[in-house]
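All chains are named by letter (A, B, ...) in the order of the sequence lines, taking the proteins before the strands, and each is independently numbered beginning at 1.
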Amino acid sequence: MGEVRTRFAPSPTGYMHIGNLRTALYAYLIAKSNDGKFILRIEDTDQDRYVEGAIDVIYNTLKIVGIEHDEGPDIGGDYGPYVQSERKAIYEKYAKELIDRGGAYYCFCDKERLDNLREQSRNKKIPFKYDGHCRNLSKEEVVKRIEAGESYVIRQKMPQTGTTTFKDEVFGKITVENSSLDDNILIKSDGMPTYNFANVIDDHLMDITHVVRGSEYLSSTPKYNLLYKAFGWDIPTYIHLPLILREDGKKLSKREGDASFEDLYNKGYLKEAIINYIALLGWSPGTEEELFTLDELVERFKIEGLSKSPAIFDTEKLKWMNGEYIRKLSLEEFNKLATPYYDKAIKKAEVDYMILSKLMHTRTEVLSHIPEQIDFIDDLPDYDIDLYIHKRMKTTPESALKNLKEVYDVLEALDDWNFDNIHDNLMDLIGKLGVKNGQVLWPLRVALSGKQYTPGGGIELAELLGKEESLKRIKIGMEKLSKS
RNA sequence: GGCCCCUUGGUCAAGUGGUUAAGAUACCGCCCUUUCACGGCGGUGACAGGGGUUCGAAUCCCCUAGGGGUCACCA
């Protein structure tokens, strides 16, 4: 076999949802794991759906995640142009050839007639199929009507008997009755090809060896096969991918599912985690490992590892995996990524972000969750003194008040405000009082944060908030407690 | 509805005729511990159902059920 060539052929809708990205990933992996080429082709034959800037979304996403194409509209290649709207003349030529070969025909049926047909089949409760009205027009009549300026499309002429079988690498052999195949439109009345035609022409002309796409194309693949046959072309290796479903089992939709790469990325999921996670939706390395970089995926990827059944996109697991990637970051890297989120939550207080990052690093699964975890830094929330009661710690409002006073005095006397100093002095106090750590530290943590859970304990928070603010908050705590 | 496809714990999944049916996540418990988190240890939980084939079936065949895809001058 020659060089493996795969392609990712999105239509520019301005939106890269997770399923599309995964298709791109797999196409890339199949090419790269075979030292092949990965091509980007833009399928923009639907002019009504033109979206400004949509192609940039595609470029940007691929660039961010590191899926680099070897050929494409932006970088060229030997098989261009890589934008379908620029290949109009090519499709036209092949459509004519196909007509000559008897695999297609001109059709002059207008929308009204078609709608009528559709209405009829709906009433009869049978699936709509073009009735072949124009299938056998004479050449003369066709010429005459075209010259008269009648609008036309070109339809594929499906065999009316027999079956068509094709082999898919993941789904195996699939056979359908030719009679169930509709005479699809190949060239629209605006002269543009439909996907049904363009994908076959382009895949052939661009020497695509492995066609990778979602399983929603499974049912139209026989038609494409017939096209290849009509032209006498080699049929590529088909690799249809199982769908990715939403948590409720429905197909991903951009309306509700919100599972676009962009959304996830903006929410604070790391690109490495997203790629790693979606790689595992529908593919398994066959081992127990599950953390892979893109390069490692290239190394491990095998078509045999693809599964047939659809996978549900599970945010919980993505979260966990994102946490894994965050924990792998160095403190400095984490700090850098977290800073914008700190800025969002901290407007007034002056805190050392590196100290904060030490606390947040193992406590962050998704970056966007950072602000709510540190919302107490700017403003001490108005909390209930019940917070001072901790069963296991055996703290009560009374003991809390007593120990808070002790803490206040110790901390107030501290000149050098750093973790070790705070720690040692507080521990001394605890020793002197002869109580458990929690007796002192729990009330301190509550007084400083006013929250039930915080990143870090009393000592860490004291260091973070600084002497002045810490003392102020402890005082507030004592006041609350003595009032009760 | 026709056609096509799919079906192992809540989720992702290994498994290709003989296994105590992996692992991960989630959940629960214990340990660590100044809360939480991290980390460590342990636990609950699955072959959709029914028929075959076979000495033996999660693995092969059939039926049923459930789910999905597709039936456009969209891709």
Side-chain angles (χ1 to χ4, degrees), chain A residues 9-11 13 43-46 48-49 107 109-111 114 118 121-122 125-129 151-155 168 171-172 174-177 179-182 184-190 192-196 198-199 213-222 240 242-243 245 247 249-251 277 280-291 305 307-321 323 327 359-365 373 387 390 392-393 423 426 430 436-446 449 451-461:
Chain A
S11 77
T13 59
E43 310 226 335
D44 61 344
T45 54
D46 186 356
D48 293 340
R49 290 214 292 184
C107 171
C109 295
D110 57 18
K111 195 163 181 302
L114 260 20
R118 239 182 290 271
S121 14
R122 202 171 357 212
K125 286 196 163 182
I126 53 171
F128 171 74
K129 207 179 143 199
S151 152
Y152 65 87
V153 301
I154 295 175
R155 285 183 186 272
D168 180 86
F171 288 91
I174 294 176
T175 301
V176 298
E177 298 284 336
S179 58
S180 72
L181 270 20
D182 198 5
N184 278 149
I185 290 174
L186 266 21
I187 301 287
K188 300 183 256 188
S189 56
D190 65 359
M192 279 292 193
T194 58
Y195 169 86
N196 296 322
N199 91 83
R213 50 158 77 122
S215 66
E216 67 264 32
Y217 291 101
L218 224 34
S219 60
S220 39
T221 298
H240 286 93
L243 259 22
L245 269 26
E247 320 223 0
K250 300 269 170 55
K251 202 177 163 186
Y277 177 68
L280 262 20
L281 282 182
W283 175 80
S284 163
T287 64
E288 289 180 6
E289 304 151 279
E290 52 183 353
L291 260 23
S307 67
K308 304 179 185 190
S309 37
I312 291 175
F313 186 89
D314 180 16
T315 315
E316 287 305 317
K317 182 132 188 195
L318 205 215
K319 262 192 214 157
W320 163 78
M321 192 169 277
R327 270 167 246 134
L359 302 179
M360 295 301 292
H361 194 186
T362 61
R363 277 170 258 250
T364 303
E365 278 198 312
Q373 289 187 79
L387 262 187
H390 193 287
R392 192 154 58 79
M393 234 56 85
H423 174 270
L426 250 22
I430 288 165
K436 302 259 283 185
N437 290 354
Q439 278 287 309
V440 169
L441 267 11
W442 173 263
L444 173 60
R445 200 194 56 77
V446 171
S449 68
K451 294 184 78 171
Q452 188 163 191
Y453 309 115
T454 48
I459 299 169
E460 287 87 351
L461 295 185

Worksheet item: Side chains of A/Leu359 and A/Thr454: does their closest heavy-atom pair fall under 4.5 Å?
Response: no

Item to complete: Could you state the atom-to-atom distance from NZ of A/Lys188 to P of B/rA75 in whole Å?
Response: 4 Å

Worksheet item: Distance from A/Leu181 atom CG to A/Lys129 atom NZ, nearest 0.5 Å?
Response: 7.5 Å

Item to complete: Could you tell me the separation between the CG atom of A/Leu245 and the C1' atom of B/rC12, rounded to a whole number of Å?
Response: 13 Å

Worksheet item: Which nucleotide in the list B/rC36, B/rC6, B/rU11 gets nearest to the side chain of A/Ser309?
Response: B/rC6

Worksheet item: Counting just side-chain N and O atoms, does A/Arg445 come under 4.0 Å of either OP1 or OP2 of B/rC36?
Response: no

Discussion item. Which nucleotide wins on minimum distance to the side chain of A/Arg49, given the candidates B/rC38, B/rC74, B/rC36?
Written reply: B/rC74

Fill in: Spacing of the P atoms in B/rU44 and B/rG10 (rounded, Å)
15 Å

Worksheet entry | Distance, nearest 0.5 Å, that separates CD of A/Glu290 from CH2 of A/Trp320 | 4.0 Å

Worksheet item: A/Leu280 near the nucleic acid: base, sugar-phosphate alone, or nothing, with a heavy-atom cut-off under 4.0 Å?
Response: sugar-phosphate

Item to complete: Could you please name the partner base of B/rC27, counting Watson-Crick and G-U wobble pairs only when both distances are under 3.5 Å?
Response: B/rG43

Worksheet item: Can you check whether A/Tyr217 reaches A/His240 side chain to side chain, under 4.5 Å on heavy atoms?
Response: yes

Worksheet item: A/Arg363 has a side chain; which of B/rG69, B/rC73, B/rC36 sits nearest to it?
Response: B/rC36

Item to complete: Assign A/Thr194 to base, sugar-phosphate, or nothing according to its heavy-atom contacts below 4.0 angstrom with the strands shown.
Response: sugar-phosphate

Practice prompt. Remember a base hit wins even if backbone is also touched, and classify A/Thr45 as base, sugar-phosphate or nothing at under 4.0 Å, heavy atoms.
Written response: sugar-phosphate

Worksheet item: About how many Å separate CD1 of A/Ile459 and CG of A/Leu426, when rounded to the nearest 0.5 Å?
Response: 5.5 Å

Worksheet entry | B/rU70 phosphate, OP1 or OP2, under 4.0 Å from A/Lys129 side-chain N/O | no

Discussion item. Using the side-chain heavy atoms of A/Arg118, tell me which of these nucleotides is nearest: B/rC73, B/rA26, B/rG69.
Written reply: B/rC73

Fill in: B/rG42 versus B/rA48 - spacing of their C1' atoms, nearest Å
31 Å

Worksheet item: Taking atom NZ of A/Lys436 as the centre, does the number of heavy atoms from other residues, nucleotides or ligands within less than 6.0 Å exceed 12?
Response: no

Practice prompt. Could you tell me whether A/Gly282 contacts a base, only the sugar-phosphate backbone, or nothing, with contacts defined as non-hydrogen atoms closer than 4.0 Å?
Written response: sugar-phosphate

Discussion item. Quick check: on RNA chain B, is the nucleotide nearest A/Gly286 upstream (toward 5') of the one nearest A/Asn184, or the reverse? Name the residue that is more 5'.
Written reply: A/Gly286

Worksheet item: Looking for any heavy atom pair under 4.0 Å, which part of the strands does A/Asp48 touch: base, sugar-phosphate only, or nothing?
Response: nothing

Practice prompt. Take atom CG of A/Asp168 and atom C1' of B/rU70, then tell me their distance rounded to the nearest Å.
Written response: 15 Å

Worksheet item: Contact class for A/Tyr217 (heavy atom, under 4.0 Å): base, sugar-phosphate, or nothing?
Response: base

Worksheet item: Using a cut-off of less than 4.0 Å, is there contact between a side-chain N or O of A/Trp320 and OP1 or OP2 of B/rU25?
Response: yes

Worksheet item: When all nucleic acid strands are considered with a 4.0 Å heavy-atom cut-off, which category describes A/Met360: base, sugar-phosphate, or nothing?
Response: nothing

Item to complete: Using a 4.0 Å heavy-atom cut-off across all strands, classify A/Ile185 as base, sugar-phosphate, or nothing.
Response: base

Worksheet item: Given the P atoms of B/rU70 and B/rA75, what is the spacing between them in whole Å?
Response: 14 Å

Discussion item. Strictly below 4.0 Å: does A/Lys111 bring a side-chain N or O up to OP1 or OP2 of B/rA72?
Written reply: no

Practice prompt. For B/rG50 versus B/rC3, give the span between their C1' atoms, rounded off to a whole number of Å.
Written response: 26 Å

Item to complete: Measure distances between side-chain N and O atoms of A/Lys317 and base N and O atoms of B/rA26, and say whether any donor-acceptor pair falls under 3.5 Å.
Response: no

Discussion item. Students often get this wrong, so: under 4.0 angstrom with heavy atoms, is A/Ser284 touching a base, only sugar-phosphate, or nothing?
Written reply: sugar-phosphate

Worksheet item: Atom OG in A/Ser449, atom CG in A/Leu444: separation rounded to 0.5 Å?
Response: 9.0 Å

Worksheet item: When only distance counts, do a donor and an acceptor, one from the side chain of A/Ser180 and one from the base of B/rC3, lie under 3.5 Å apart?
Response: no

Worksheet, complete the sentence: Side-chain atoms of A/Glu316 come closest, of B/rU34, B/rC6, B/rU25, to B/rU25

Item to complete: Would you indicate what A/Glu460 reaches in the nucleic acid, counting non-hydrogen atoms under 4.0 angstrom: base, sugar-phosphate, or nothing?
Response: base

Practice prompt. Pick the P atom in B/rG67 and in B/rG9, then give their distance to the nearest Å.
Written response: 16 Å

Fill in: Nearest-0.5 Å distance that lies between atom CE in A/Met321 and atom CD in A/Glu365
12.0 Å

Worksheet item: For the pair made of CZ in A/Phe171 and P in B/rG69, what is the distance, rounded to whole Å?
Response: 13 Å

Practice prompt. Determine which nucleotide pairs with B/rU35, using a 3.5 Å limit on both distances of a Watson-Crick or G-U wobble pair.
Written response: none

Worksheet, complete the sentence: Considering only heavy side-chain atoms of A/Leu243, the closest of B/rG68, B/rC73, B/rC71 is B/rG68

Worksheet item: Which listed nucleotide (B/rU25, B/rC73, B/rC5) is nearest to the side chain of A/Ile174?
Response: B/rC5

Fill in: Spacing between A/Trp442 atom CH2 and B/rU33 atom C1', to the nearest angstrom
13 Å

Item to complete: Check every atom of B/rU34, B/rC4, B/rC73 against the side chain of A/Val176 and return the nucleotide holding the closest atom.
Response: B/rC4

Fill in: Nucleotide B/rC6, atom P - distance to CG of A/Leu218 in whole Å
9 Å

Practice prompt. Go through the N and O atoms of the side chain of A/Tyr453 and the base of B/rA37, and report whether any donor-acceptor pair is under 3.5 Å.
Written response: no

Worksheet entry | Nearest to side-chain heavy atoms of A/Glu290, which nucleotide of B/rA24, B/rU7, B/rU70 | B/rA24

Discussion item. Which is more 5' along RNA chain B, the nucleotide nearest A/Gln452 or the one nearest A/Cys109? Just name the residue.
Written reply: A/Gln452

Worksheet item: What integer number of Å spans the P atoms of B/rA14 and B/rA24?
Response: 15 Å

Practice prompt. May I ask which nucleotide in the shown strands pairs with B/rG1, Watson-Crick or G-U wobble, both distances under 3.5 Å?
Written response: B/rC71

Worksheet, complete the sentence: When rounded to whole Å, the CD to C1' distance for the pair A/Glu43 and B/rC74 reads 11 Å

Discussion item. Please give the distance between the P atoms of B/rA57 and B/rA21 as a whole number of Å.
Written reply: 14 Å

Worksheet item: Do the non-hydrogen side-chain atoms of A/Lys317 and A/Leu280 ever get within less than 4.5 Å of each other?
Response: no

Worksheet item: Between A/Thr194 (side chain) and A/Ile185 (backbone), is there a donor-acceptor pair under 3.5 Å?
Response: yes

Discussion item. Just to be sure I understand the rule, does A/Thr175 reach a base, reach only the sugar-phosphate, or reach nothing, if contact means heavy atoms closer than 4.0 Å?
Written reply: sugar-phosphate

Worksheet item: What distance, rounded to whole Å, do you find between the two P atoms, one in B/rG15 and one in B/rU53?
Response: 29 Å

Response to the item:
Among B/rC38, B/rC6, B/rC12, the one nearest any side-chain atom of A/Arg327 is B/rC38

Worksheet item: Over how many whole Å does the gap from A/Met321 atom CE to B/rC12 atom C1' extend?
Response: 9 Å

